[in-house]
Asks: 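I am attaching a structure below and will ask some questions about it afterwards.
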2 protein chains.
Amino acid sequence: MEKELETIFAQQKLRITRPRREIFRVLQQSQAPLSASMINTHCTTADRTSVYRTLELFHRLSIIKSVQFGWRQRYELADPFKIHHHHLSCTQCGRLIDLQSPEIENLVNVVASQNNFVVTDHTFEIRGLCQDCR
Amino acid sequence: MEKELETIFAQQKLRITRPRREIFRVLQQSQAPLSASMINTHCTTADRTSVYRTLELFHRLSIIKSVQFGWRQRYELADPFKIHHHHLSCTQCGRLIDLQSPEIENLVNVVASQNNFVVTDHTFEIRGLCQDCR
DNA sequence: CATCTTATTGCAACAAATTTGCAATAAGAA
DNA sequence: TTCTTATTGCAAATTTGTTGCAATAAGATG
Ligand SMILES: [Mn+2]
Ligand SMILES: [Mn+2]
Ligand SMILES: [Zn+2]
Ligand SMILES: [Zn+2]
């Protein structure tokens, strides 16, 4: 995956720097999606400003995607860097269950082509109460 | 719908006030989801603080739901006040296409029960390029 | 309609989150 | 190693969201 990063950056004038590496690693090592400030505290070298700038860059390059986490926004690695999946999220205890569903992926394509849309990304999330909290 | 609001508020000590009415109307008249600050600027009387407080209240009462819009968070009326739907959103021109899909609704229930989840809410969004921008 | 209770508001003051300008730094090409 | 310039860190400015509290006004009551 480190190699993939290089490939993406190599093409046009983008540089693989220390902050970018660190932020990527933080995201990579995390199970759950992280907020900007969580990423910031997990970074020992990268500056707060760099976190924001890097997140925006990563998002533009589709390296990460933002997911709605409760009332706020969090980030996690996107498709090429993590197996594509969606979330069931418990609004009570915060528990996150990863979900893979061919049906959804299929539906995305069907719906998109029906609307003459070129898909670059999609989100699907179920919120509710988990087994333990119901 | 104004009547529905009353019904909800009447039950327990909640009052229908000017700011609340205004914010509800702003949301109601908007095609696309709005951010807190957009709502704020659309309100002539309601104060910024009231916007936040009302948004939280409305959310607690399931009058609105928050949707992921591009990079940030926005709000729109929820099911009883607007027909349940999802979005195809063009990352180029910002165009939003409403989508209703029985398949998705069905899938939500199937997946949830498979995971012993009680669904309270769900989101589905397709991002990409619209007909005009592709 | 006048009165009374108290939920709700606006405002000012805070606190947190995000953005911006710019000189110093360091990728990475040559 | 040298050179170009993308990127960083830092400080300052904005923007966004929160909190305490006295003033206001729903709406219940008579
Ligand atoms: Mn996940
Ligand atoms: Mn819509
Ligand atoms: Zn739970
Ligand atoms: Zn478009």
Side-chain angles (χ1 to χ4, degrees), chain A residues 2-27 33-61 63-76, chain B residues 2-27 30 32-61 63-76:
Chain A
E2 191 73 359
K3 189 167 291 175
E4 299 194 53
L5 252 199
E6 279 182 28
T7 315
I8 295 178
F9 280 62
Q11 50 184 118
Q12 241 69 1
K13 47 185 171 178
L14 288 175
R15 297 174 181 175
I16 298 186
T17 64
R18 186 138 82 113
R20 288 173 181 173
R21 263 209 198 77
E22 181 174 36
I23 291 166
F24 183 82
R25 200 165 309 138
V26 166
L27 251 1
L34 301 173
S35 66
S37 81
M38 294 169 88
I39 293 171
N40 183 46
T41 59
H42 282 188
C43 286
T44 57
T45 65
D47 181 72
R48 188 160 42 99
T49 308
S50 295
V51 171
Y52 284 112
R53 288 195 275 228
T54 300
L55 284 177
E56 191 191 332
L57 174 70
F58 280 7
H59 186 253
R60 188 150 45 79
L61 297 175
I63 292 171
I64 61 171
K65 58 181 178 180
S66 73
V67 307
Q68 188 174 339
F69 191 86
W71 198 234
R72 287 241 171 71
Q73 208 71 227
R74 296 193 181 181
Y75 313 94
E76 69 176 359
Chain B
E2 191 73 357
K3 189 167 293 179
E4 299 193 55
L5 252 199
E6 280 182 28
T7 315
I8 296 178
F9 280 62
Q11 47 184 120
Q12 242 71 0
K13 47 185 172 181
L14 288 174
R15 296 173 181 176
I16 298 185
T17 65
R18 186 138 81 112
R20 288 174 182 174
R21 263 210 198 75
E22 182 175 35
I23 292 166
F24 183 82
R25 199 165 312 137
V26 166
L27 251 1
S30 171
L34 301 173
S35 67
S37 80
M38 293 169 90
I39 293 171
N40 183 45
T41 58
H42 281 187
C43 286
T44 57
T45 66
D47 180 74
R48 185 162 48 103
T49 309
S50 296
V51 170
Y52 285 111
R53 289 196 274 227
T54 300
L55 248 26
E56 192 191 330
L57 174 69
F58 280 7
H59 187 254
R60 187 150 45 79
L61 297 176
I63 292 172
I64 61 171
K65 59 179 177 181
S66 73
V67 307
Q68 187 176 337
F69 190 86
W71 195 232
R72 284 244 171 71
Q73 205 70 226
R74 298 192 180 182
Y75 312 93
E76 71 177 356

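We name chains A, B, ... by the order of the sequence lines, and we start the count at 1 in each one.
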Asks: Hey, does B/R20 have a side-chain heavy atom less than 4.5 Å from the side chain of B/L57?
Replies: yes
Asks: Respond yes when some side-chain nitrogen or oxygen of B/T17 is under 4.0 Å from OP1 or OP2 of C/dT8, and no when none is.
Replies: no
Asks: Can you figure out which of D/dG9, C/dG28, D/dC21 approaches the side chain of A/P19 most closely?
Replies: D/dG9
Asks: Taking side chain as C-beta onward, heavy atoms only, is A/H42 less than 4.5 Å from A/M38?
Replies: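 No, side chains not in contact.
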Asks: Could you tell me the separation between the NZ atom of B/K13 and the P atom of C/dC4, rounded to a whole number of Å?
Replies: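 Atom NZ in B/K13 sits about 23 Å away from atom P in C/dC4.
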Asks: In whole Å, what is the span from the CZ atom of A/R18 to the C1' atom of D/dA6?
Replies: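 Rounding to the nearest Å, CZ of A/R18 and C1' of D/dA6 are 17 Å apart.
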Asks: For the residue pair B/I63 and B/L27, establish whether any side-chain heavy-atom pair is separated by less than 4.5 Å.
Replies: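 With C-beta onward as the side chain, the pair stays apart.
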Asks: What is the distance, rounded to the nearest whole Å, between atom OH of B/Y75 and atom C1' of D/dG17?
Replies: 10 Å
Asks: Where the side chain of A/R53 is defined as all heavy atoms beyond and including C-beta, which of D/dG17, C/dT5, D/dT8 is the nearest nucleotide?
Replies: D/dT8
Asks: Looking at every strand, decide which applies to A/S35 at a 4.0 Å heavy-atom threshold: base, sugar-phosphate, or nothing.
Replies: nothing
Asks: So, is B/S50 near the phosphate of C/dG10, with a side-chain N or O under 4.0 Å from OP1 or OP2?
Replies: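 Answer is yes, contact under 4.0 Å.
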Asks: Check the distance between C/dT9's P and B/E22's CD and give it to me in whole angstrom.
Replies: 12 Å
Asks: Hey, does B/R48 reach any base, or is it just sugar-phosphate, or nothing, if we go heavy atoms under 4.0 Å?
Replies: base
Asks: What is the distance, to the nearest angstrom, from the CD1 atom on A/I23 to the P atom on D/dT7?
Replies: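 In whole Å, D/dT7 P and A/I23 CD1 are 13 Å from each other.
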Asks: Rounded to whole angstrom units, what separation is found between the CE atom of B/M38 and the P atom of D/dT15?
Replies: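 Taking atom P of D/dT15 as the reference, CE of B/M38 is at 16 Å.
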Asks: Stepwise, does the side chain to side chain donor-acceptor pair (under 3.5 Å) test hold for B/T44 with B/E22?
Replies: CA-CA 8 Å; B/T44 57; B/E22 182 175 35; 3.1 Å; yes
Asks: Nearest-nucleotide wise, let me know which of B/F9 and B/S37 is further upstream toward the 5' end of DNA chain D.
Replies: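 The residue whose closest nucleotide sits nearer the 5' end is B/S37.
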Asks: Among the nucleotides C/dT8, D/dG9, C/dC11, which one has an atom lying closest to any side-chain atom of A/D47?
Replies: D/dG9
Asks: Quick one: which of C/dG28, D/dT8, C/dT8 gets closest to the side chain of B/R15?
Replies: C/dT8
Asks: Within this structure, what is the CZ-to-C1' distance between B/R21 and D/dA26, rounded to whole angstrom?
Replies: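 The answer, rounded to whole Å, is 10 Å.
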Asks: Is the shortest side-chain heavy-atom distance between A/Y75 and A/S66 below 4.5 Å?
Replies: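 They are in side-chain contact.
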Asks: Looking across every strand, which nucleic acid part, if any, lies under 4.0 Å from B/T49 by heavy atom: base, sugar-phosphate, or nothing?
Replies: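 Result for B/T49 = base.
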Asks: May I have the distance from B/Y52 (atom OH) to C/dA16 (atom C1'), rounded to whole angstrom?
Replies: 11 Å
